[in-house]
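Read through the structure below, which is laid out as structure tokens, and then see the notes.
The chain is numbered in sequence order, starting from 1.
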Amino acid sequence: MSSSPTAVLFDLDGVLLDSRRAVRQAVLGVAGAVLGKPFDEGELPADLDHLRHDELLAHLGVVDQEIAFGTPWEVALGVAMRNASPFPGAVEVLRDLAAAGTEIGVVTMQPRSRVAWMIPQEISSYFSVVVGWGDAEPKPSGAGILLALDRLGVPPGRACFVGDSPSDIAAASAAGVPSIGAAWGYTGPALESSGPTVLVHALTHVPDAARRLLGPA
């Protein structure tokens, strides 16, 4: 008798996609255009990688939500994301998981519509499901993970979630799935204090960690 299907779900930014510099450039560009003066990265808060882009814009003085979530932001981010790229090994990891029969999905704070045009096709082509901002209650709720698994037809006990933030680890726990902490991401090795099921230090270690947690697909 064959085993039930397995799934590995990923956060996007800081896990599969190195978008840190692109988001910073977009924030600085929008703030500079709106407020009519240049900004540099030194004016951003120290914990910028753990803040939403609208919080970073507000820190610089841009509080208009139509700017923060409308066309000005989308255009600036679209231009800046040309400089974003998958983390080393991302394509190989996704190919390895897919070849083993593992379902692959993404649960992200990015709107799902943005993933379609912003994420390099070399990695997005492996996603069987994408749950984004507005599809479910955001992390640290486990609702997005459970929605993705429901769409894949995979039970929580046969899935794991790879994330790089404390809210990712909390969301996995809330959904009842084991978590793989991404120490290469924006939180770094300090993510261990959030209690991931397992902490790995390189994206290329994810397939082995998933096999240890879930067994064969």
Side-chain angles (χ1 to χ4, degrees), residues 4-17 19-20 23 47 49-56 58 65 68-70 73-74 77 90 93-94 97-98 102-119 123-183 185-187 190-200 203 206 209-210 213-215 217:
S4 59
T6 60
V8 178
L9 303 179
F10 292 86
D11 180 35
L12 187 58
D13 297 283
V15 175
L16 290 174
L17 189 68
S19 57
R20 182 179 349 215
V23 171
D47 58 345
D49 291 324
H50 307 297
L51 298 175
R52 300 190 310 269
H53 77 275
D54 58 307
E55 294 173 320
L56 296 174
Q65 295 297 287
F69 291 99
W73 171 252
E74 292 294 325
L77 184 63
V93 164
L94 296 175
L97 291 171
T102 302
E103 297 285 356
I104 300 168
V106 164
V107 181
T108 174
M109 296 293 281
Q110 297 276 10
R112 179 163 40 88
S113 59
R114 186 183 292 159
V115 174
W117 61 263
M118 190 176 71
I119 308 307
I123 62 172
S124 65
S125 62
Y126 288 98
F127 303 160
S128 296
V129 65
V130 174
V131 172
W133 180 268
D135 291 331
E137 184 180 356
K139 297 174 285 189
S141 167
I145 293 174
L146 291 175
L147 176 59
L149 293 178
D150 181 66
R151 290 176 175 173
L152 291 173
V154 175
R158 295 291 288 160
C160 60
F161 183 63
V162 187
D164 73 316
S165 71
S167 65
D168 290 327
I169 306 307
S173 178
V177 306
S179 56
I180 297 177
Y186 297 160
T187 301
L191 185 63
E192 186 170 14
S193 65
S194 297
T197 308
V198 62
L199 184 74
V200 298
L203 178 54
V206 167
L213 290 171
L214 305 175

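No donor-acceptor pair under 3.5 Å is formed between the side chain of Thr187 and the backbone N or O of Ala190. No donor-acceptor pair under 3.5 Å is formed between the side chain of Arg158 and the backbone N or O of Ala7. Ser179 places no side-chain N or O within 3.5 Å of a backbone atom of Gly181 that could act as its donor or acceptor partner.
Here the side chains of Cys160 and Leu9 are not in contact, with every heavy-atom distance at 4.5 Å or above. The side-chain heavy atoms of Asp135 and Leu147, taken from C-beta on, include a pair separated by under 4.5 Å. When side chains are defined from C-beta on, Val177 counts as touching Ile145, because their heavy atoms get closer than 4.5 Å. Looking at heavy atoms from C-beta onward, Leu97 lies out of side-chain contact with Glu103 at the 4.5 angstrom threshold. Leu146 places a side-chain heavy atom less than 4.5 Å from the side chain of Pro156. Using a 4.5 Å heavy-atom cutoff, the side chains of Phe161 and Ser173 are not in contact. Here the side chains of Thr6 and Val154 are not in contact, with every heavy-atom distance at 4.5 Å or above. Residues Leu149 and Pro155 fail the side-chain proximity criterion, which asks for heavy atoms closer than 4.5 Å.
Salt bridge absent: Arg20 and Asp13 never bring a charged side-chain N and a carboxylate O closer than 4.0 Å.
The local environment of CD in Glu55 is crowded, with over 12 non-hydrogen atoms from other residues, nucleotides or ligands closer than 6.0 Å.
Rounding to the nearest 0.5 Å gives a distance of 7.5 Å between CZ of Arg114 and CH2 of Trp73. Expressed to the nearest 0.5 Å, how far CG of Leu12 lies from CD1 of Ile119 amounts to 4.5 Å. To the nearest 0.5 Å, the span separating OH on Tyr186 from CG on Asp11 amounts to 9.0 Å. Separation of atoms CG (Leu199) and CD1 (Ile180) is listed at 10.5 Å; rounding is to 0.5 Å.
If you run side chain to side chain contact (heavy atoms under 4.5 Å, CB included) between Phe10 and each of Ile123, Val107, Leu17, Leu94, only Leu94 comes through.
Residues Arg112 and Val130 approach most closely at CD-O, 2.9 Å, considering heavy atoms.
The aromatic rings of Phe69 and His53 sit perpendicular to each other, their planes meeting at more than 60°, with 30° as the lower class boundary.
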